[in-house]
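Please read these numbers as outputs of a predicted model, since none were measured by experiment.
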Amino acid sequence: MTLLIAATLAVAGCAHAQAGKELVFGTTHDENSPLFLYASAYLQQLCDESKQRCTLQNLPGRRSEAMLAAGTIVGEVGRVKGYIQKHPDYVRLDEPFIISRTRIFTRTDKDITSWDSLAKKVKTVSYKRGIYLYQQRLEALQPAIQPHDVQSESACLQMVLAARDDACVFDDGGISSEARPLLAQGHSSVSVEDLPLYIYLGKDNKALAPSLSEAARRLAARGVPAQLHRKFYEGK
């Protein structure tokens with residue numbers, strides 16, 4: 001009987017420790033960008049809703065991808081829908097948590113309204129390293145353009161302003177507060193692609209998906225995403 005009680009207490013203690021474990025998610029977005037602030041606040045509410053403790057870390061795109069593959073983080077916040085094709089053993093939560101708008105930065109207005117028009121108006125294009133969809137889109141336009149990756153959105157914008165590249169592809173929510181003044185020195189196009197962004201879970205944490213997806217639906221029903229968008233994107 002003593003052994004049975006001890007074993008029961010040990011199992012209960014293990015379950016409690018697991019329930020209280022902090023879940024670490026990664027994102028490629030700069031900590032001072034609207035999208036990071038939005039994603040961090042959204043993740044906190046999502047995890048509170050599902051009785052979990054979570055934190056969001058800014059990580060380079062390739063490192064975040066590698067860490068999720070190795071199981072050292074629980075998931076990634078802000079990947080596109082097609083990311084599942086590259087990692088079919090992951091789980092994507094049902095609903096996107098935000099819509100990201102892809103814009104093109106140039107020194108002057110080149111009337112770029114689509115990926116196709118980008119290829120007709122410029123020759124060299126930079127983008128932030130680790131954003132796999134941008135890499136795909138730009139490589140598909142070769143040899144009309146020459147794409148290459150850089151360390152950050154700031155570096156991307158600076159490449160254009162220094163006339164080392166004709167254009168920079170960027171996410172309108174990914175620009176940090178420090179980089180934002182650079183936008184005023186050139187021209188930002190209309191959105192060439194609106195991208196729903198999702199939360200992904202690694203293969204070892206698939207069991208979290210049902211409760212997090214249900215929590216996301218409850219947040220949407222209460223209008224939480226719209227509230228956070230007004231706060232971090234519109235300053236209201």
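- Residues Phe232 and Leu183 do not share a hydrophobic cluster, defined by chaining ILVMFWY side chains whose heavy atoms lie under 4.5 Å apart.
- Within the 4.5 Å cutoff, the side chain of Val74 has heavy atoms near those of the Leu201 side chain.
- Put simply, Val160 and Val125 are part of two different groups of oily side chains (I, L, V, M, F, W, Y) that touch within less than 4.5 Å, one to the next.
- With values rounded to the nearest 0.5 angstrom, Tyr127 atom OH is found 9.5 Å from His148 atom NE2.
- Annotation: side chain of His29 is in contact with side chain of Asp171 (closest heavy-atom distance under 4.5 Å).
- If you run ring-ring contact (aromatic ring centres under 6.0 Å, His included) between Tyr42 and each of Phe25, Phe36, Phe97, only Phe97 comes through.
- At a threshold of 4.5 Å between non-hydrogen side-chain atoms, the residues Ser152 and Gln158 do not count as touching.
- Counting non-hydrogen atoms of other residues, nucleotides and ligands closer than 6.0 Å to NZ of Lys206 gives a total above 12.
- For Tyr200 and Tyr83, the gap between ring centers is short of 6.0 Å.
- Judged by distance alone, the side chain of Ser117 and the main-chain N or O of Ser114 form a donor-acceptor pair under 3.5 Å.
- For Asp116 and Lys121, the salt-bridge test fails: no basic side-chain N is under 4.0 Å from an acidic carboxylate O.
- The CG atom of Leu118 lies 10.5 Å from the NZ atom of Lys110; values are rounded to the nearest 0.5 Å.
- Between Arg217 and Asp94 there is a salt bridge, since a side-chain N of the basic residue sits under 4.0 Å from a carboxylate O of the acidic one.
- Within the 3.5 Å criterion, the main-chain N or O of Lys81 finds a donor-acceptor partner in the side chain of Arg92.
- Leu23 and Met67 fall into different hydrophobic clusters, defined by Ile, Leu, Val, Met, Phe, Trp and Tyr side-chain heavy atoms under 4.5 Å apart, directly or through other members.
- Ser189 approaches Ile112 most closely through the heavy-atom pair CB-O, 3.4 Å.
- Atom OG in Ser64 sits 3.5 Å away from atom CD in Glu76 (nearest 0.5 Å).
- Taking every heavy atom of both residues into account, Val77 and Thr27 meet most closely at O-OG1, 2.9 Å.
- Residue Arg164 places its CZ atom among 12 or fewer non-hydrogen atoms of other residues, nucleotides or ligands, all under 6.0 Å distant.
- In this structure, Arg79 is not positioned above the aromatic face of Tyr198 in the sense of NZ or CZ being under 6.0 Å from the six-membered ring centre and within 45° of the axis.
- Rounding to the nearest 0.5 angstrom, the gap separating the OH atom in Tyr134 from the OG1 atom in Thr102 is 3.0 Å.
- Side-chain contact between Asn32 and Leu37 is absent, with no heavy-atom pair separated by less than 4.5 Å.
- For Glu49 and Arg222, the salt-bridge test passes: some basic side-chain N is under 4.0 Å from an acidic carboxylate O.
- Residues Leu93 and Leu46 meet the side-chain proximity criterion, which asks for heavy atoms closer than 4.5 Å.
- Lys128 contributes a side-chain N or O that, together with a main-chain N or O of Thr28, makes up a donor-acceptor pair within less than 3.5 Å.
- Atoms OG and CD1, from Ser188 and Ile175 in turn, are 8.0 Å apart once rounded to the nearest 0.5 Å.
- When the side chains of ILVMFWY residues are joined at heavy-atom separations under 4.5 Å, either directly or via intervening members, Tyr233 and Leu219 end up in a single hydrophobic cluster.
- Across every non-hydrogen atom of Asp194 and Pro196, the tightest pair is O-CD, 3.6 Å.
- By the 6.0 Å contact criterion, NZ on Lys86 is enclosed, its count of non-hydrogen atoms from other residues, nucleotides or ligands being greater than 12.
- You'll find the side chain of His187 stays beyond 4.5 Å of the side chain of Arg107, heavy atoms only.
- Without hydrogens or angle criteria, Gln44 side chain to Cys54 main chain gives a donor-acceptor distance under 3.5 Å.
- A pairwise comparison of heavy atoms in Ile98 and His229 identifies CD1-CD2, 4.3 Å as the closest pair.
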Using residues 137-145 as the side-chain source, report each donor-acceptor pair under 3.5 Å to any protein atom, sequence neighbours left out, with the distance given to one decimal.
residue	atom	partner	partner atom	Å
Arg137	NE	Glu193	OE1	3.0
Arg137	NH2	Glu193	OE2	2.7
Glu139	OE2	Gln135	NE2	3.3

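- Note on Val169 and Met159: separate hydrophobic clusters, where clusters join Ile, Leu, Val, Met, Phe, Trp and Tyr whose side-chain heavy atoms are under 4.5 Å apart, directly or indirectly.
- A salt bridge does not link Lys123 to Asp166: none of the charged nitrogens lies less than 4.0 Å from a carboxylate oxygen.
- In this structure, Ser33 and Asp30 approach most closely via the heavy-atom pair OG-O, 2.7 Å.
- Of all the heavy atoms in Arg101 and Ser191, the pair that sits closest is CB-OG, 3.7 Å.
- Annotation: side chain of Pro147 is not in contact with side chain of Ser126 (no heavy-atom distance under 4.5 Å).
- Residue Ile73 holds its CD1 atom at 6.0 Å from CG of Leu59, rounded to the nearest 0.5 Å.
- The side-chain heavy atoms of Pro96 and Leu197, taken from C-beta on, include no pair separated by under 4.5 Å.
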